[in-house]
Amino acid sequence: MKFKAIKGARDFYPPDMEVRNAIFDAWREVSLRNGFVEYDGPTLEYLDLYTAKSGDEIVQQLFHLTDRGGRELALRPEMTPTLARMVNAQVATLPKPIKWFCIPRCYRAERPQRGRLREFFQWNIDIVGLDDPLADAETIFVAVDLFRWFGLSPRQVVMKINSRELVAHMLLDLGVDATRLPPLYAVLDKRDKMPRAAFDAALAEILPDESVRRAMNEHLALPTLADVRSARTWAPATHDAIVEVQKVLDWLDRWGVGEYCTFDLGVVRGLAYYTGIVFEAYSKGGLKRSVCGGGRYDELLRVLGGPEIPAVGFASSDVVMQDLLDEFNLLPGRGGQRLDAYVIDADPSLFEQLISIVGALREKGVRADFSYRRLPLGKQLKAASNAGCAAAILLGQETRDRDVVTIKDLATGQQREVPRERLLAEPVSNLPRGGPA
RNA sequence: GUGAUAGUAGCUCAGUCGGCUAGAGCACUAGGUUGUGGUCCUAGGGGUCGCGGGUUCGAAUCCCGUCUAUCACCCCA
């Protein structure tokens with residue numbers, strides 16, 4: 001092959017498109033049924049939108065170009081800066097809270113791996129303008145609601161919930177210097193991925209005081225929120241953070257998804273801008289990858305030139321979602337095209353009538369097709385089956401003599417005659433199943 | 001961007017101590033079948049063995065480079 005798709009990009013053949021659409025449909029339906037509305041923005045943005053948020057290093061990790069006017073542009077690596085820009089532009093007039101979702105195509109100039117490509121789709125859910133644990137809880141609920149949509153059980157996926165604020169205040173209470181927190185988050189985020197010795201070494205570099213390290217390791221290993229609460233006498237700010245996490249967990253219980261959710265002090269997220277609740281969903285199967293992640297980012301809109309306005313949200317990629325569904329055999333079947341009716345002539349002399357009937361059916365919203373070649377009846381039926389069709393409509397001698405057509409249910413093999421006029425007047429009620437959606 | 005492993009038909013793979021026109025299953029196309037499909041039988045198309053170079057009388061097979069994929073780093077927005 002002389003020409004290939006570029007590295008880390010995918011071709012979507014019709015069967016792949018079916019899977020992708022099934023995931024998009026789920027994302028869209030779940031978003032809508034939770035009260036979110038869809039938005040979108042440009043794929044290309046000014047490069048500084050991303051450097052303002054993430055610093056200059058980000059440039060190495062995204063595709064960027066200079067246009068003919070000398071402007072530095074970038075293919076969007078994520079949606080949040082665009083969201084912030086759009087919200088900031090109309091922040092005075094948008095009714096709050098803003099509940100928006102988006103399914104953007106995004107680009108990252110990284111080395112591709114499983115679950116991680118250079119071109120991918122992301123599902124983004126954000127609530128802007130509501131500083132209340134209820135918003136955090138609802139955001140998490142939406143992610144879990146998607147798992148339920150696909151039939152994923154609490155035995156297959158888990159939503160781990162934590163709070164940056166809680167971790168921060170715990171560490172301050174335990175004697176950690178405030179300036180050490182950001183580098184600590186980065187190390188803590190990788191705790192499960194690195195060997196124990198490497199973790200200890202990295203930790204010792206940030207926290208030279210061994211007694212502080214020991215206290216931290218002890219307290220961060222506490223399995224439940226109740227354990228944390230009773231571990232020692234915490235400062236008021238720490239106590240407030242505990243109460244806030246408890247509220248989120250209580251709301252999720254009340255919403256009926258408590259079984260999916262668990263408190264986990266190990267989830268801190270690598271990103272610098274998270275300010276409160278953070279969460280990550282994981283497969284409980286072999287897939288050792290986070291399938292969606294997010295949290296509260298109350299500073300970001302201000303950093304990007306807007307007012308101080310609270311926000312919480314998450315993102316999840318179609319690549320990881322597909323891997324997750326595949327792992328549990330929940331990918332929708334690749335059934336081929338869906339047709340309602342395949343119209344067949346038993347004799348080439350009926351072909352012109354066939355075309356008229358196909359035209360009339362299509363006008364009524366019936367997904368109808370036919371064979372271009374005048375094949376024997378058996379071959380046309382075979383073509384109907386291969387097209388994934390519910391019904392065949394046969395035109396034959398009976399059509400010529402009595403103006404009736406024969407409708408054959410391709411699933412059961414049963415067939416019956418129907419006057420042509422009746423079929424065309426009420427095609428949906430005369431066809432075995434399917435019909436316009 | 002760094003390192004490791006792999007690449008044979010659309011898919012899953014056989015074939016390598018270097019040797020004749022490179023194979024199978026599935027899929028695809030056609031026929032068996034002039035008014036009844038899914039099964040079955042037969043035949044066919046499809047490969048510069050990822051690409052380029054080297055060694056050799058001779059390379060799918062050995063060597064180098066490169067591309068792509070996978071894995072570990074980096075990063076994970």
Side-chain angles (χ1 to χ4, degrees), chain A residues 1-11 13-16 45 49-55 57-62 74 76-84 104 106-118 120 122 124 186 189-190 193-195 198 268-274 278 280 288-295 297 300 303-304 313-317 319-320 334 336 342 344-350 371 373-400 406-415:
Chain A
M1 263 312 209
K2 187 164 185 183
F3 298 108
K4 308 186 206 184
I6 66 168
K7 182 205 283 268
R10 291 167 291 174
D11 293 324
Y13 288 89
D16 309 312
E45 292 274 11
L49 180 65
Y50 303 108
T51 53
K53 177 193 153 199
S54 310
E57 320 81 63
I58 193 76
V59 177
Q60 302 304 315
Q61 289 155 48
L62 44 74
R76 64 183 172 200
E78 58 164 327
M79 200 60 196
T80 310
T82 300
L83 168 78
C106 297
Y107 299 84
R108 293 179 189 176
E110 294 178 303
R111 177 89 76 142
Q113 287 180 32
R114 180 182 174 80
R116 181 179 188 180
L117 301 175
R118 289 186 164 188
F120 56 94
Q122 251 194 355
N124 280 252
D189 188 48
K190 290 181 204 165
K193 285 193 217 163
M194 45 201 316
V268 292
R269 310 277 299 152
L271 266 178
Y273 66 71
Y274 285 115
V278 285
E280 262 176 4
K288 288 292 176 231
R289 195 171 283 273
S290 133
V291 295
C292 96
Y297 52 97
L300 189 59
V303 169
L304 291 176
F314 72 80
S316 175
S317 95
V319 186
V320 176
R334 306 185 167 203
Y342 201 94
I344 291 170
D345 57 350
D347 185 283
S349 66
L350 290 157
S371 167
R373 296 171 58 197
R374 294 306 92 221
L375 293 166
L377 183 59
K379 292 291 184 194
Q380 290 188 62
L381 275 166
K382 184 170 181 165
S385 293
N386 291 342
C389 192
I393 296 172
L394 279 58
L395 316 187
Q397 194 61 45
E398 69 275 28
T399 308
R400 231 189 317 264
T406 302
I407 296 175
K408 183 183 181 83
D409 183 329
L410 288 170
T412 65
Q414 289 179 342
Q415 53 189 58

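In the text below, chain A, chain B and the rest are named by the order of the sequence lines, each starting its count at 1.
Pairing partner, U42(B): A30(B), with both Watson-Crick or wobble hydrogen-bond distances short of 3.5 Å. Summarising the base pairing, A72(B) is matched to U2(B) through a Watson-Crick or G-U wobble pair whose two defining distances lie under 3.5 Å. Checking U12(B) for Watson-Crick or G-U wobble geometry (two distances, each under 3.5 Å) identifies A24(B) as its partner. Across all strands shown, the partner of G7(B) is C67(B), judged by Watson-Crick or G-U wobble contacts whose two distances both fall under 3.5 Å. For G47(B), there is no paired nucleotide, since no Watson-Crick or G-U wobble pair has both relevant distances below 3.5 Å.
Inspection of the Gln380(A) and Asp345(A) side chains reveals an N or O donor paired with an N or O acceptor under 3.5 Å.
Atoms CG (Leu375(A)) and C1' (G37(B)) sit 13 Å apart, rounded to a whole Å. In this structure, the CD atom of Gln60(A) is 16 Å from the C1' atom of C76(B), given to the nearest Å. Across the protein-nucleic acid pair, Phe120(A) atom CZ and C76(B) atom C1' stand 10 Å apart, rounded to whole Å. Atom pair Leu377(A):CG and U34(B):C1' shows a separation of 10 Å (rounding to whole Å applied). The CZ-C1' distance, from Arg400(A) to G35(B), rounds to 12 Å in whole Å. Rounded to an integer number of Å, the gap from CZ of Arg118(A) to P of C76(B) is 17 Å. The nearest whole Å value for the distance from the OH atom in Tyr50(A) to the C1' atom in C76(B) is 16 Å. Taking atom NZ of residue Lys382(A) and atom P of nucleotide G37(B), one finds them 10 Å apart after rounding to whole Å.
Contacts of Ile344(A) with the nucleic acid, taken as non-hydrogen atoms under 4.0 Å apart, are absent. Gln122(A) comes within contact range of no nucleotide atom at all, as no heavy-atom separation falls under 4.0 Å. Within the 4.0 angstrom heavy-atom criterion, no nucleotide atom of any strand lies near Thr80(A). Within the nucleic acid shown, Leu62(A) has no heavy atom closer than 4.0 Å to any nucleic acid atom. Within the nucleic acid shown, Gln380(A) has no heavy atom closer than 4.0 Å to any nucleic acid atom. Residue contacts for Gly378(A): at a heavy-atom cut-off of 4.0 Å it reaches the sugar-phosphate backbone alone, with no base atom in range. The residue Gly8(A) sits close only to the backbone: its heavy atoms come under 4.0 Å of sugar-phosphate atoms, none of a base. Counting non-hydrogen atoms under 4.0 angstrom, Arg373(A) reaches the backbone sugars and phosphates but no base. Within 4.0 Å of Gly413(A), counting heavy atoms only, lies at least one base atom of the nucleic acid.
Here the side chain of Arg76(A) pairs no donor or acceptor atom with the backbone of Tyr107(A) at under 3.5 angstrom. Listed for the Asp189(A) side chain is no donor-acceptor partner under 3.5 Å among the backbone atoms of Ala186(A).
A distance of about 24 Å separates the P atoms of A60(B) and U68(B), rounded to the whole Å. Taking the P atoms as reference points, U16(B) lies 22 Å from U48(B), given to the whole Å. Comparing the same atom, P, in G47(B) and in A24(B) gives a spacing of 15 Å after rounding to whole Å. For the P atoms, the distance from G52(B) to U8(B) is 16 Å, rounded to whole Å. Look at the P atom in both A30(B) and U39(B): the space between them is 15 Å, to the nearest Å. Across the P atoms, A22(B) and G3(B) are found 37 Å apart, a figure rounded to whole Å. Nucleotides G58(B) and C13(B) have their P atoms positioned 34 Å apart, rounded to a whole Å. With both ends at atom P, the span from U21(B) to G65(B) equals 31 Å, rounded to whole Å.
One cannot find a donor-acceptor pair under 3.5 Å joining the base of G37(B) and the side-chain atoms of Gln415(A). For Arg108(A) and A77(B), a side-chain-to-base donor-acceptor distance below 3.5 Å is present, hydrogens and geometry of angles not being considered. Below the 3.5 angstrom threshold, one finds no donor paired with an acceptor across the side chain of Lys7(A) and the base of U68(B).
Between Leu300(A) and Thr80(A), the closest side-chain pair of non-hydrogen atoms falls below 4.5 Å. Taking the side chain as every heavy atom from C-beta outward, Tyr50(A) and Thr82(A) approach each other to under 4.5 Å. Counting heavy atoms from C-beta outward, Ile407(A) and Asp409(A) have side chains that stay 4.5 Å or more apart. The shortest distance between side-chain heavy atoms of Ser349(A) and Arg400(A) falls below 4.5 Å. The closest side-chain heavy-atom distance from Leu394(A) to Thr399(A) is not below 4.5 Å.
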side-chain contact (heavy atoms from CB on, under 4.5 Å) assessment of Ile344(A) paired with Leu375(A) | CA-CA 9 Å; Ile344(A) 291 170; Leu375(A) 293 166; over 6 Å; no
Evaluate the criterion side-chain contact (heavy atoms from CB on, under 4.5 Å) for residue pair Arg118(A) and Ile6(A); output intermediate values, then yes/no.
-> CA-CA 9 Å; Arg118(A) 289 186 164 188; Ile6(A) 66 168; over 6 Å; no
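With G35(B), U36(B), A77(B) as the choices, the nucleotide that has an atom nearest any side-chain atom of Lys408(A) turns out to be U36(B). Listed nucleotides: C71(B), U36(B), G31(B). Nearest to the side chain of Arg114(A): C71(B). Among the nucleotides U36(B), A77(B), G35(B), the one closest to any side-chain atom of Ala346(A) is G35(B).
OP1 or OP2 of A72(B) sits under 4.0 Å from a side-chain N or O of Gln113(A). In terms of phosphate contacts, Arg10(A) brings no side-chain nitrogen or oxygen within less than 4.0 Å of OP1 or OP2 of U68(B).
A 6.0 Å sphere centred on CZ of Arg374(A) holds more than 12 heavy atoms belonging to other residues, nucleotides or ligands.
Nearest-nucleotide assignment on RNA chain B puts the 5′-proximal partner with Pro112(A), out of Ala315(A) and Pro112(A). The residue among Ser385(A) and Pro376(A) whose nearest nucleotide of RNA chain B lies closer to the 5′ end is Pro376(A).
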Identify all pairs in which a protein N or O lies below 3.5 Å from an N or O of nucleotides 3-7 of chain B, and state each distance.
none

